[in-house]
Amino acid sequence: MNFIETRGNDATHPAEVTFSQAILSPIASFGGLYVPKSLPDLGEDFLNKHLNSNYKELAKDMLSRFEIDIAPEVIDSALALYDDFDDAKNPVPVVKVNTNTFVSELYHGPTRAFKDMALQPFGIVLSSIAQAKNENYLILAATSGDTGPAALETFKNRANVQVACLYPDGGTSDVQRLQMVTEDAKNLKVIGIKGDFDDAQNALKRLLASASFKSELKTKHISLSAANSVNFGRIIFQIIYHIHSYLELVRQDEVKMGEKVYLNVPSGNFGNALGGYYAMKMGLPVEKIVIASNENNVLTKLINDGKYDLRDSSVIPTTSPAMDILKSSNVERILYDMFGAARTKELMSALEEDNNYALSAPELESIQNIFSADFCNGDEGKKYIKDTFENSQYLMDPHTATCFKAQATCSDKNIKSIIYSTAEWTKFSPVIANALTGEEDAEDITALKSISKVASLPIPDMINGLFDKEITQNTIIEKEDIEKAILAFL
Ligand SMILES: *Cc1c(COP(=O)(O)O)cnc(C)c1O
């Protein structure tokens, strides 16, 4: 199946591309994105067929319905990485918290956050495309904490790929920083910058658009790509776990096949929620997709009022930093799917030029037929963490906690919710320790130990080990020097 463009064609890009082309150059005409030309219709037959399949069998069949230009052996070795998750038989456990609440845990991979769900297989797929073309790629990543470790982990020692990963020095948790600066492989460069996440992200965008940087790379026979979440190579792997989680509820005898559920997603760049939307369109029985946000509540306002307005907004730092985002990139794919390319181009240009757009009343109604939304502030989130732990002995991270608020306010019907948990407690331990015990400003290692004691949970080895590992990446520079540092590494 081929991929087409969300903002129409500008006559300098091909109007249709293959999956591999969409992965290697993810930006389409007019700054748009690639989307599948059509979605496979899976229907109840597919769900019945896979009622007793394991995760990889389900994934393989779903991917095959997309008819992408990736060899089956490559898909097999990409999916084999799920064997290294905590439980090879079930990389995504779905845990009952109370009668209507089930948590789908997406964090059982090597870096303990849900970015592994897509980036693990994506690393193999991208490296194999590069090898087949006999080309070398530089992958740029800018991270506020979870994408960086997951991207480094997946591309470590892979052929034909080098990674330069930018993070704001002092802007991530200790665990997240250690996950990056202890990575030791010749093809990885980790760069701390004196600035915040926006500075890192802006530097990345500048480099991706810079002709002089690209021609400098060309002399070294290197092409440029990015591993950010608009890449469809990541999105495709984020459809699978929504189907898997539903089938888990059927297997656990909690829903009958065909019975509708809520999907409740803690959202930032909207990749996770988009995967749920595609799964629903492909036939998954979903009542509504509930979008949970933190104080950076642009998605709540879009879905409730039809307005995307950034004119008076700046990013608010919160206790759920992976969702501290104002321009939520994958919303564009929803706009395209519902309103077509011409309207998407109009809305996205308005957002880029005027920092603002408004949907018409019928457009808003189409959005609200599928989505509902609410946001949760830091104090409310901590209360959900504490109460859920005390009442149900279930420990969750601050991103997951935002979904509990949205569930309380958005679930009009008495049906089951699948809440997606995007990070393990170990990644955001100071906030969780504060929620459980009241201790303030603890360092990660102190907070990890106190949660471990209160909740009687062991600290996983891969987290504990970080504190004794040698720091191999110690570049910390001014943001003006990023290009120089990357070229020196290559
Ligand atoms: C990336 C991330 C999110 C947001 O996911 P999107 O797909 O960007 O909406 C939520 N929680 C955690 C912990 C994350 O790392």
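Given the structure is predicted, the values throughout are model-derived calculations rather than measurements. For ligands, and for the atoms within them, numbers begin at 1 and follow the listed sequence.
Salt-bridge check for K427 with E424: failed, with every basic side-chain N at 4.0 Å or more from each acidic carboxylate O. Look at R177 and D169 and you find no salt bridge, because none of the NZ, NE, NH1 or NH2 atoms lies under 4.0 Å from a carboxylate O. Contact check on R7 versus E352 returns a salt bridge, with a Lys/Arg side-chain nitrogen under 4.0 Å from an Asp/Glu carboxylate oxygen. A salt bridge links K281 to D337: one of the charged nitrogens lies within less than 4.0 Å of a carboxylate oxygen. By the 4.0 Å N-to-carboxylate-O rule, D86 lies close enough to R112 to be salt-bridged with it.
Taking a cut-off of under 4.0 Å to the non-hydrogen atoms of G271, the atoms of ligand 1 that pass are 6 (P), 7 (O), 9 (O). Those atoms of ligand 1 with a heavy atom of D146 less than 4.0 angstrom away are 12 (C), 13 (C), 14 (C), 15 (O). Every atom of ligand 1 with a heavy atom of P266 under 4.0 Å away is listed here by number and element: 4 (C), 10 (C). Which parts of ligand 1 touch S267 is read off a 4.0 Å heavy-atom cut-off, strictly below it: atoms 9 (O). Atoms of ligand 1 found under 4.0 Å from any heavy atom of A423, numbered from 1 in the order shown, are 13 (C).
Distance from atom 5 (O) of ligand 1 to its nearest protein heavy atom, with residue and atom name: F114 CE2, 3.5 Å. Nearest protein neighbour of atom 2 (C) of ligand 1, counting heavy atoms only, is K115 NZ, 2.4 Å. Annotation: atom 4 (C) of ligand 1 to nearest protein heavy atom, G268 N, 3.7 Å. Considering only non-hydrogen protein atoms, atom 8 (O) of ligand 1 sits nearest to N269 N, 2.8 Å. For atom 11 (N) of ligand 1, the closest non-hydrogen atom on the protein side is T422 OG1, 2.8 Å.
The backbone N or O of T143 sits nowhere less than 3.5 Å from a side-chain atom of T147 that would complete a donor-acceptor pair. Without hydrogens or angle criteria, Q368 side chain to I303 main chain gives a donor-acceptor distance under 3.5 Å.
Each of N356, D309, L310 was compared with L351 under the side chain to side chain contact (heavy atoms under 4.5 Å, CB included) criterion, and only L310 meets it.
At least one test fails for K307 against the ring of Y357: distance under 6.0 Å to the centre or angle within 45° of the axis.
Taking any N or O of A113, backbone or side chain, none lies under 3.5 Å from an N or O belonging to ligand 1.
Under 4.0 Å from ligand 1, heavy atoms of N272 appear from its side chain as well as its backbone. When non-hydrogen atoms are compared, ligand 1 lies under 4.0 Å from neither the backbone nor the side chain of K427.
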